[in-house]
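Written below as structure tokens is the structure these notes are about.
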Amino acid sequence: MHFLFDIAHPVDVHFYRLVAEQLKQQDHEIILVSRRKDIVCDLLDGYGLDHSCIGLTPKKNKLLQGVELIDRVWRLVRIIKERRIDMVLTRNPSGAIAARICGIPSIYDTTDGRVSKIHFVLGRLFATWLTSPESLGEAYGAKHFLYPSQLHASYLHTKRFQPDRVVCEELMRLGFKGTNHAILRFVAFSASHDHGEKGLSWAERRKIVAYFKDKGDVFIVSEDPLPDDLVPYAFPLAPHRFLHALSFARCVVGDGVSACVEAAFLGVPAFLHSSYGDKLSYVQHLREEEGLIERLDPTDLIAGLEKAWDAPKRPLEEKRDKYFSETIDLVDWYCELIETLKNGSETGH
């Protein structure tokens, strides 16, 4: 079969590349179609994966986001027809809509559910099947499949990811300490579900940098261009080395949900301030039930930063290991689901 992966977010790269690799080993043909968002294309290039980068540059304006969606859908439709795609896998409504137009099935994964607003409404409306973590707390009938894990855990499970200590040597060659660093993740709040949401102000971000630079190295990964005074702190390595550098960080602080969740599954102290993140069931689960993420309070910023820098890793690693022991390997689960659904679609069921 011919599978198209609609890759619109960095997390999609990490997850879908593993699923695609497993399907390719089963002699299926894989087509990766990327989006010009954040580091998506750079990540795919870093992993040495062939992909088609299509569509307009994402905008914050709602009207322009609608234009981008329509443009991407029609570009996907052309690719689906030209490459004779049999099934689309996506975490973006564009892939589900394009698949429906072409009369082929799609699997739409959502970790955010209703919280992501129109993004979810469209994805659910046009997709053939939905998948979500059990922690979502939402159910949408027989075509909605829930997995006992979290999406980010799929590519950070100790079975699939081993931190590469060479990254420390790479940092030291650039004049950094290698392991004594804080990683700051700042997002642009430009997605369709981000309207009205808030994170850290630039004033707060500067305070965080000022605190950590006296402790060790500071690396910033930002969706928005950094102001001139913060450019020297930009993460100095290629995007595909980020997770390895994250593994050896003292802590992760910011308003980027994905980086904090990734830190949690690496056993690294993660302190998040995001109004959108506060609404996400999987963040609530990792914070309140697993104890793997902390809330960062800007009104008591220094106390939070002190706690982040001094937090021991071992207790978090033990909690992380316990989580992995109680959940599934999501990549295997997903490939088995695809096989089941593929067989059903081929027989008309």
Side-chain angles (χ1 to χ4, degrees), residues 8-12 14-15 38 91-92 109-117 119-120 123 130-139 146-157 183-200 204-205 208 221 223 242-243 246 249 251-301 304-305 307-308 311 315-317 319-324 326-328 330:
H9 187 279
V11 170
D12 301 355
H14 296 306
F15 173 56
D38 198 8
R91 304 191 66 249
N92 190 280
D109 180 75
T110 175
T111 55
D112 300 9
R114 289 191 297 263
V115 173
S116 59
K117 305 170 187 175
H119 190 284
F120 171 70
L130 275 68
T131 58
S132 306
E134 288 180 348
S135 62
L136 180 65
E138 300 171 21
L146 301 174
Y147 45 82
S149 186
Q150 300 290 350
L151 188 72
H152 302 75
S154 65
Y155 56 88
L156 293 173
H157 195 290
I183 289 183
L184 314 183
R185 173 57 168 160
F186 303 144
V187 297
F189 288 91
S190 59
S192 60
H193 55 66
D194 284 330
H195 293 291
E197 303 295 350
K198 294 181 179 180
L200 295 162
E204 291 163 342
R205 292 170 176 181
I208 295 171
V221 180
E223 279 188 316
F242 173 73
L243 291 177
L246 183 61
C251 61
V252 176
V253 174
D255 47 28
V257 172
S258 290
C260 284
V261 173
E262 288 166 344
F265 287 123
L266 291 169
V268 175
F271 285 67
L272 173 68
H273 174 68
S274 167
S275 62
Y276 184 71
D278 288 342
K279 298 174 182 177
L280 297 174
S281 59
Y282 67 93
V283 172
Q284 295 168 5
H285 176 82
L286 292 174
R287 186 165 54 206
E288 297 166 13
E289 297 184 38
E290 304 295 339
L292 287 169
I293 293 179
E294 297 255 6
R295 182 183 279 108
L296 180 68
D297 181 3
T299 65
D300 194 12
L301 197 56
L305 300 180
K307 186 176 181 181
L316 293 173
E317 291 170 347
K319 291 177 182 178
R320 181 272 315 272
D321 292 344
K322 180 176 181 291
Y323 180 87
F324 284 153
E326 295 173 347
T327 55
I328 61 168
L330 182 54

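Partners of Glu288 by side-chain contact (heavy atoms from CB on, under 4.5 Å), not counting sequence neighbours, listed by chain and number: Gln284. Residues satisfying the side-chain contact (heavy atoms from CB on, under 4.5 Å) test with Pro148, not counting sequence neighbours, are Glu134, Ile328. In this structure Leu280 satisfies the side-chain contact (heavy atoms from CB on, under 4.5 Å) test together with Asp112, Val115, Val257, Tyr276, Tyr282, Val283, sequence neighbours excluded. Partners of Arg185 under the salt bridge (Lys or Arg N to Asp or Glu O under 4.0 Å) rule, at least two apart in sequence or in another chain, are Asp38. Residues that satisfy the side-chain contact (heavy atoms from CB on, under 4.5 Å) test with Ser154, not counting sequence neighbours, are Phe15, Leu330, Val331. Residues passing the salt bridge (Lys or Arg N to Asp or Glu O under 4.0 Å) test with Glu289, sequence neighbours excluded: none.
Side-chain atoms of Leu316 and Pro269, non-hydrogen and from C-beta on, do get closer than 4.5 Å to each other. Side chains of Leu184 and Val221 form no contact here, defined as non-hydrogen atoms less than 4.5 Å apart. When side chains are defined from C-beta on, Leu286 counts as touching Val261, because their heavy atoms get closer than 4.5 Å.
Here the side chain of Asp300 pairs no donor or acceptor atom with the backbone of Asp297 at under 3.5 angstrom. Within the 3.5 Å criterion, the main-chain N or O of Gly113 finds a donor-acceptor partner in the side chain of Thr110. Checking side-chain atoms of Glu223 against main-chain N and O of Ala188 turns up a donor-acceptor pair under 3.5 Å. For Ser132 (side chain) and Leu146 (main-chain N/O), no donor-acceptor pair under 3.5 Å exists by modelled atom type.
For the pair Pro133 and Gln150, the tightest heavy-atom approach, listed with the atom from each and the gap, is CB-OE1, 3.7 Å. Here the closest heavy-atom approach between residue Val252 and residue Ala259 is recorded as CG1-O, 4.2 Å. Closest heavy-atom contact between His119 and Arg91: CE1-O, 3.1 Å. Scanning all heavy atoms of the two residues, the minimum distance from Arg320 to Gly267 falls at NH1-N, 4.0 Å. The two residues Cys260 and Ala270 come nearest to each other via the heavy atoms O-CB, 3.4 Å. Of all non-hydrogen atoms in Lys319 and Gly291, the two that sit nearest each other are NZ-O, 3.5 Å.
To the nearest 0.5 Å, atom OG of residue Ser274 and atom CG of residue Asp255 are 6.5 Å apart. Note that CG of Leu301 and CG of Leu200 are 7.5 Å apart. Values are rounded to the nearest 0.5 Å. Interatomic distance, Ile183 CD1 to Leu246 CG, rounded to the nearest 0.5 Å: 5.0 Å. Separating the SG atom in Cys251 from the CD atom in Glu294 is a distance of 11.5 Å, to the nearest 0.5 Å. With rounding to the nearest 0.5 Å, the separation of CG in Leu266 from NE2 in His152 is 11.0 Å. With values rounded to the nearest 0.5 angstrom, Glu290 atom CD is found 8.5 Å from Thr327 atom OG1.
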Please assess His14 against Glu262 for the test side-chain contact (heavy atoms from CB on, under 4.5 Å), listing each intermediate value before the final yes or no.
CA-CA 11 Å; His14 296 306; Glu262 288 166 344; 4.0 Å; yes
Go through it in stages, so that I can follow the logic: the residues are Ile208 and Phe271, the test is side-chain contact (heavy atoms from CB on, under 4.5 Å), and I'd like the CA-CA distance, side-chain angles, deciding distance and then a yes or no.
CA-CA 12 Å; Ile208 295 171; Phe271 285 67; over 6 Å; no
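In this structure, Arg205 is positioned above the aromatic face of Phe186, its NZ or CZ under 6.0 Å from the six-membered ring centre and within 45° of the axis.
Contact check on Arg287 versus Asp278 returns a salt bridge, with a Lys/Arg side-chain nitrogen under 4.0 Å from an Asp/Glu carboxylate oxygen.
Classified by interplanar angle (parallel below 30°, tilted 30° to 60°, perpendicular above 60°), the ring pair Phe265/Tyr323 is tilted.
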